[in-house]
Structure formats: structure tokens, C-alpha cells
Enquirer: 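Have a look at this one before I ask anything.
Since the model is a prediction, treat every value here as computed from it, not as a measurement. Letters go in sequence order (proteins before strands), and every chain restarts at 1.
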Amino acid sequence: MEPKKLILVDGNSIAFRAFYAMYTVLEKFKNPEGLHTNAIYAFNNMLDLILSKGQPTDMLVAFDAGKYTFRNQLYDDYKGNRLKTPTEFQEQMPFIKQLLKARGIKTYELENYEADDIIGTVAKKAQKKNFQTTIVTGDRDLTQLVNEQTTVALTIKGVTELEFYTPQHFQEKLGIKPAQLIDVKALMGDTSDNYPGVTKVGEKTALKLIKQYGSLDQLYAQIDKMKASKLKEHLLQDRDVAFLSQKLATIQLDVPVQLDIDQLTYEGDQISQLRDFYQKMNFRTFLSKMDTETTASTIESVETNINFQELNENNIKEITASQQAATVLVEMVQDNYHKAPIIGFGIGIKDQIWVTDNAEILRNPQLKSWLQNPQIKKAVFDFKRNYVALNRWQIHLAGVNFDALLASYLIDVNENSNDLGKLAQGYDYQDLIADSQFYGRGAKLTIPPRSELLQHLAAKITAINFLKTKLPQKLQDHDQDQLFDEIELPLSQVLADMEIAGIKVDRHNLEQMQQDLDQRLQDLEADIYQQAGHEFNINSPQQLSKVLFEELGLKPIKKNKRGYSTSVDVLEKLRGQAPIIAQILDYRQVAKIQSTYVIGLMNSIAVDEKVHTRYQQTLTQTGRLSSVDPNLQNIPARDEGREIRKAFVPSHVGWEIFSSDYSQIELRVLAHISGDQNMQKAFADNYDIHAHTAMRIFGLHDISEVTPDMRRQAKATNFGIVYGISDYGLSQNIGISRKRAAEFINAYFKQYPDVKNYMDKIVQMARTDGYVETIMHRRRYLPDIHSRNYHLRSFAERTAMNTPIQGSAADIIKIAMINMQKKLQADNLQATMLLQVHDELIFEAPKKEIPILEKLVPQVMDSAVQLDVPLKVESAHGPTWFDAKG
DNA sequence: GATTTCACG
DNA sequence: ACGTACGTGAAATCT
């Protein structure tokens, strides 16, 4: 007979994680009575997952009950540092229990016992009856119960990503037996449960000791033989604490559970009860899932029928005679709108919708002037995409005052899938499926039959209309009206102009480079093969590491998932040990230039001899732009790679490339938002900021005493501060000890005390508000700030420090770009803005306009916003991009 | 599709 | 005592 399968769930732990997994949508998930439902929703997601994956015959969810457990009797302060759980969470607990009942799952709690101990006890009983048991929890401690019949599924991220601990996995991961975990905890303590362990002993040391001695008892039995050390002293001193912690860490297996193992049968969903519950909670997705499951599972998800008419030459005149606000849709399947064919077009006015799959309609003059009429207000999804595509038909789309893509991105930067269907579904609008689902993906991409296509287009127009009723209120709630109306929407027009203009690339120049580089690659290759003694693929990190670390016997420095790392920092450390290293570094550099830049760039030159990048305006978490197809924001600027820039040239003879960049904009932003007087003064007095910092942190009296090396270290420290400093990170970056790095940071904060205050304050704000903001109210949610996982939490903290800085700098240059474009038009200049590289704007212009730009561009850039420190702009120009660098 | 490496600010 | 810099995109290789 098949063994019975039991799933045990740590109810409190999973519910709590569920709450924070969907913390960003806390206010989106409310039922009509105002009850928060995010934790209930996420909990149910987890149930769906484990029920379908685990196929249990039996199931139990255990909860904590009562305030005092036997552990409090042992140790007063057990869990003493726990913050009170938020009421938004507490109010959901009873409903999670209701949900479980409706899903046919037993629950159990016992006054003054923790869920852990109930689970331990039940798992032991189940083992005697030969059940196959899986425990689902967010609490690592429970892995002590792992054995051949008991697996622990531990949440990694959220509640649906699980890591399964079997005895083998546990051994591989920690190098000890599951039961030994108790003794490890005894030594290291537990900060979240607030018991101490032995002084100065953390996970690493504890694991080492238990691996060495086998158990806590053995360790203390042999402690006399241990040689004298600080560690030994601490162990002796904290002996009682260790044994107390051991008791606290041990999960009880003999709790008086009044529950028979035969009573845990999983009953399955109680359909009508569950339907009522979902309805009460306003869980539309789960409701519809239930319907599709219960009706016939054969029915594919089909878009709801939406009434529409076909747009044609006969009705277009009448439609475009209307002066009313409208919704406009230009459909393309491919990403690159500079060349993707238009496969559909649609208009929505009030409740009426007209669509067509005939792009030729765009030749209609009435339609053209309607689209170009700024008086007729239009709503779209992705203005820039629509604008650029229509521009290819000589139509200049105007009057757009709502872009659902831009709006949703500003409301939540995680909403960056760029898919209207997905976006609308996120706002509980179910009548439009995602494009990837409708058209398929990659090789399977096809355009469905006409009738279905028209239906899809109509559904898109309704989705945009729906979002137009929802998103403006949210923008207002976030205080983002100005950001939307005066920055992002006008910017998308500016970006469209820049993308359409494109930048000219000299193909012959690249072809020449390709030949030269090819020769060099061949020479290097031959040399490398000779030294290795055989041929191999230098581009393969695997084969390379075999050559270096096995055949040549060099010492590996860093590991990655597949073996030993061969990255630059590793190779740099090995340089000097073998001549092959320098040549590999050379080869790598040349190969990169060749494949990514020379060949890659040539492949994206269009028929007009230009490259037309696309700026992704709704992608980054900080508000920066990104550039794709090709990426013109990472063209080499240093060393040999810089030569590539010689291929970027003006598109007319007698013109030049002109470039202006903000000097130290991020540090200036930091000086402004932190309000730090010392840093502000340094900028006001126009000091070399890195030298100034060096003077301060090295305690010198005058800037002239600063050596180049001091300046270099101070510069790295400044960068570190902007990124959300850690002593380790800084020490790695400038090759000093961690202790020394910590001293730097301390000195830094002493010299710039309000920078320190800012760092503390912004992290605190992220904790209380759940998000951080830039000077223009761009918002980024940081749910991981509450994570119990150190790694995730620290990352969120650094992000909280960095995002307002990087994001505000992005705000500033965006404003400058809009003002710049206006000014160029107003002054009737031929100069054209072509590229943006985060803190730098690149133009082409007739030579005679260069002197004008030299005054104008810095003027516009440094007056974009008024900060408490001056902004500084530097310019350069020349016949190619290479020369336009100061 | 994920991973590694390396280009930029 | 933990284990780390912030934000991106592209090419080549591995699975």
C-alpha cells in the first residue's frame, strides 16, 4: 500500500510571512468591509501550491496559543524582544482559520504550546504509523525534525518558494545531522527568539565546534583538553547559558495533543462554503479559478466578449468628427517599434470601440488630422511606442494626456512588465489576457485569426479605459501628479524624438577595427594555446578554469555555482604567477570589444546609417532610464575600448558632437537631502570633493597635504556612502582591511554627521512607510526591509539609502532634458539632442552653434532644480563622440 | 532559460 | 556574528 502523505503547516509562521510577502499590496487587498486580506490571499496561494504539488492524504495546520509556554518558565525573556504584530495582520488570523475550514483542512492549537511543539509531536506519531510527512514553515529551527520520513519545506522568499530539507540536503547544506542543530543553536543562541547562547559564538563557530565534538555534552566533557583561548573562556563562562539555550531550542515531541492521527484526513474543498468565503474576501481570481476547475477543465481561458465595430473608410469620417476624449491603440507584436509592422489599430470613444487589422487605414487624411489634433485628448498605453510607430506613417500623435503604462510604473515601479493585460489583471480587471498568452512567445509567436485579433484589440481599449478610471486617483494619493504630468509624460515625447533622430555610426571605421582586433585575437589565442599546451575555448569559464586551476596548478580564489571563478578580480590577483594570465585578460578585453561593440553595433545599424536605441522609461527601480537594442549607455569610455566612440559621428558634414555632464551629481544630491553643512560648504566653495573628503577623514589641515592615494581612497568611500556603505564592501573595493575600512566610515560619519543622520532616518522611514521617495516623489517599495533573512533585509536597507540619491539625480536630468528640448525649439537651433547616459547629454550640432551650446546647455542643466548646493556641468565637443570627452 | 562575465553611470 | 557595495544590458556558454 502507498504510504499516507501528511502535510503539517506552521500556521503562525506561514501567515506572518504571507503578510509580509504581500506587504506592498496591503492597501490594495481589502474586502468591502475594510478588512485587510493580503495575508489570507498569500496563505491561500501557498495552500494551492502544496496541495497540488504534495497531493496529501492528511493535513494539519498548527497555531500558537497562549502567551506563556514552558520556555518562558525556563527563561523570562523568551521572545522578549518581539515587536507587537501589526493589527492589519492580527485581524486576518481568524479568517485564515475560516479559510482552512472551507478548504477541508484541520487546524489545531493548544493553550501555552507553540505550533513547533505540536508539529514535532504529531510528526513523531505519524512516523510510528509510517506516514510520509512534510512540514511547511518559515522557521529554520524545525529542520531539526528532518529524517527519512520527514521532510521540512522552508520558505525562501515569500511563501511559494520553498526549499526542501531531506537528511541529505541538510547534511550538504550544514555539514551536520539534523538533530545536531539543537546543539548549534545552544551555542549560537537565537536573536529572534531572544535567547543568547555563548558570547562571541555565531553560526560559523557553533557549526565548527559541533562538527568537531559531535555534541554539546561531548564538547563540555572534553573542554579541559581545549587549548587556552578567548573562545574557551567564553565557553566556560557561559556553560549554563548554553545548556539553557539547548532546552529552549529543543522542539518537544511529547506535547499532550488531544488529537488522533486518524483524524487528520484532508477532506478537500468545501465548494459552497469556499465560494462564500472567496466572495466575502473579494477574491476574484480564486473564484474564477474555482469556476474553471468545477465547470469543465477543458475550457481554455477566453477573453470576455466585448462589443466593437470595425473601423473602415466608410465610418472613419464620422468617428473623427467627434471632439470628445478618446482612447487610441496601435498594435505591434514585435518589441522594436522602430521597425515592427503595425498589425492593428483601434479607437475608443465613450462606450464605443472601433478596431481594424488593416494598417492602411492610417493613410486616411481625416484620421491623420484627428490623431494630430492636440485639442482632442487621448488615453494610450505606452505613448512613446505609439508615437514612434505612427511617426513612420508621417503621423505626429498629439493630445495624449494619459499613459496607463507610465502611470502604473510611477505608482509601483515593480509593475514594469510592459504588458497591458498583466497590468490590468493586477488591478483586478480580468477581461484581457497577457500578450504572451495571446500571441505566444519566442518561436511560437503567431498572430491568431482576424476575429480573435479584433476581439483582443477591443479588450485592450476597454482595459485602458478601465485603468483611466483607477490610476489618476492613485497618482494623486502618492502626490505624483507633477511627476506624471510635468516630467514623465513630456519626457516620453522628448525620448521619442531622440530615438527617431538616432546617432550616425561610421561602418567603415568599425570594419577596420574588426580586422585589427581579429588579428590581435588570433595572435593572443596562439600564445595562450602554446602556454596551455593545447587548444581550448578561452571563452568558456569552465574550460579556462580547468586549464588554470587543474593543469597549471594555480590557486583558485573565488567559487561560483559551477566551479571556480575566472573573473577579472580573480585573474588580477593571479597576474605575475604565470604569463598566461595577462594574455587571458587581454584576450577577454579584446573579445568583449569585438563581439559586443564592434560586431554587435554593426548589426544594429539601420538603412539610414544610424542606430536608433530604445529608452526603457518604465523599467528601473530607481527612475533611471535604460537603453536597449542597442544599449548606448554602456559604450566603452576607458582604456582601449574607448576607441569605439570614434565610430559615433554627426549625421551632417560641418557638424560636431557636443556633450555635457553633471559633475558629482549624486554626491550633490546627498549633500542636499541630508542637509549636511560640511558637505554643502565643500560644494559651495567648489572644492575637489574627493580631496576635501580625504583631508577630513585623514585629519589633515590643508587640502594640499592630500596624496593621490588618499584621494583615491576617499573617492571610493564617497561611492560607498552613496551605495549604502558596509565596511566589507569598502575594504574589498580599495584593498584594505575591513577594520581599516570601518575606521574610514567612522571618520566619515564624524566629519559629515548629517549624512549619518540621513542614513539612519531613511532606513527608519522605509520601515514605517514601507517605501522611500525621491525629491520629485518617485516611490520605491521595500518590503524586504521587514525580512527575517539578513541578506534580504540588509539589501533593502542599502537600497533605502541609495534610491533617493540615484532616483533624485534621475529626476533632475529628466527635467533638464525637457527644458533643453523646449529651449532648442524656442531658439530655433538646429542642434539635436541624441543620447542620455544617466548624468550626461549628447548632442549633434552645426559647428557655428557650438559656442551657443557651450553656454546654453550648462545653463539649462544646472537650473533644472533648485538645490541647497550648486549643480556643476562640464562640456566638451569634437568631430566624434570620442573627442567630445573632457 | 540560467549563469558568467564585463561594459557603462 | 552574520556576508555585502547601487542601478543597468549583451554575448557566450552551459544545462
Enquirer: Just how far, in rounded Å, is C1' of C:dA12 from CG of A:Leu521?
Expert: 14 Å

Enquirer: The side chain of A:Arg562 is closest to which nucleotide in this list: B:dA2, B:dA7, B:dG9?
Expert: B:dA2

Enquirer: Between the side chains of A:Tyr752 and A:Thr693, does any donor sit under 3.5 Å from an acceptor?
Expert: yes

Enquirer: Tell me whether the side-chain N/O atoms of A:Arg588 come closer than 4.0 Å to OP1 or OP2 in B:dC6.
Expert: yes

Enquirer: Out of A:Arg614, A:Arg385, A:Lys384, which one pairs with A:Glu499 under the salt bridge (charged side-chain N to carboxylate O under 4.0 Å, His left out) rule?
Expert: A:Lys384

Enquirer: Reading 5' to 3' and counting Watson-Crick or G-U wobble pairs with both distances under 3.5 Å, write the dot-bracket notation for DNA chain C, | for bases paired outside the strand.
Expert: .....|||||||||.

Enquirer: Please check the phosphate of B:dT5 (OP1 and OP2 only) for any side-chain N or O of A:Asn560 closer than 4.0 Å.
Expert: yes

Enquirer: How many Å lie between CD on A:Glu643 and C1' on B:dA7, as a whole number?
Expert: 16 Å

Enquirer: I'd like to know if the side chain of A:Glu840 reaches the main chain of A:Ser659, judged simply by a donor and an acceptor atom lying under 3.5 Å from each other, with no hydrogens or angles considered.
Expert: no

Enquirer: Tell me what A:Gln542 touches on the nucleic acid: a base, only sugar-phosphate, or nothing, going by heavy atoms under 4.0 Å.
Expert: sugar-phosphate

Enquirer: Nearest-Å distance, CZ (A:Arg140) to C1' (C:dC2)?
Expert: 13 Å

Enquirer: Please report, rounded to the nearest Å, how far the P atom of B:dC8 is from the CG atom of A:Asp661.
Expert: 15 Å

Enquirer: Suppose you measure atom C1' in B:dC8 against the same atom in C:dG3; what distance do you get, rounded to whole Å?
Expert: 27 Å

Enquirer: Tell me whether the guanidinium CZ or amine NZ of A:Arg780 lies under 6.0 angstrom from the six-membered ring centre of A:Tyr771 and within 45° of its axis.
Expert: no

Enquirer: Say we look at B:dT5 and C:dC2: how far apart would their C1' atoms be, to the nearest angstrom?
Expert: 28 Å

Enquirer: Which listed nucleotide (B:dA7, B:dT5, B:dG9) is nearest to the side chain of A:Pro636?
Expert: B:dA7

Enquirer: May I have the distance from A:Lys559 (atom NZ) to B:dT3 (atom P), rounded to whole angstrom?
Expert: 17 Å

Enquirer: Assess the side chains of A:Asp676 and A:Tyr758: does a donor N or O sit below 3.5 Å from an acceptor N or O?
Expert: no

Enquirer: Considering only heavy atoms from C-beta outward, does the side chain of A:Thr880 approach that of A:Phe648 to under 4.5 Å?
Expert: no

Enquirer: What is the separation between atom NZ on A:Lys200 and atom P on C:dC2, rounded to the nearest whole Å?
Expert: 11 Å

Enquirer: Is the terminal nitrogen or CZ of A:Lys646 (NZ for Lys, CZ for Arg) located under 6.0 angstrom from the six-membered ring centre of A:Phe882 and within 45° of that ring's axis?
Expert: yes

Enquirer: Give the ring-plane orientation class for A:Phe795 versus A:His791, where under 30° counts as parallel, over 60° as perpendicular and anything between as tilted.
Expert: parallel

Enquirer: Calculate the interatomic distance between A:Lys208 atom NZ and C:dC2 atom C1'; express it in whole Å.
Expert: 16 Å

Enquirer: Less than 3.5 Å apart, any donor N or O on the side chain of A:Gln806 or A:Thr622 sitting next to an acceptor on the other?
Expert: yes

Enquirer: Which nucleotides of nucleotides 4-11 of chain C have their base under 4.0 Å from a protein heavy atom (B), which only their sugar-phosphate (S), and which neither (-), written as one string 5' to 3'?
Expert: BBBBSBBS

Enquirer: May I ask you to evaluate whether A:Ser565 reaches the phosphate of B:dT5, defined as a side-chain N or O under 4.0 Å from OP1 or OP2?
Expert: yes

Enquirer: What is the distance, to the nearest angstrom, from the NZ atom on A:Lys561 to the P atom on B:dG1?
Expert: 17 Å

Enquirer: Just do the salt bridge (charged side-chain N to carboxylate O under 4.0 Å, His left out) check on A:Lys185 and A:Asp190 with the steps written out, would you?
Expert: CA-CA 7 Å; A:Lys185 301 276 307 185; A:Asp190 186 318; 2.7 Å; yes

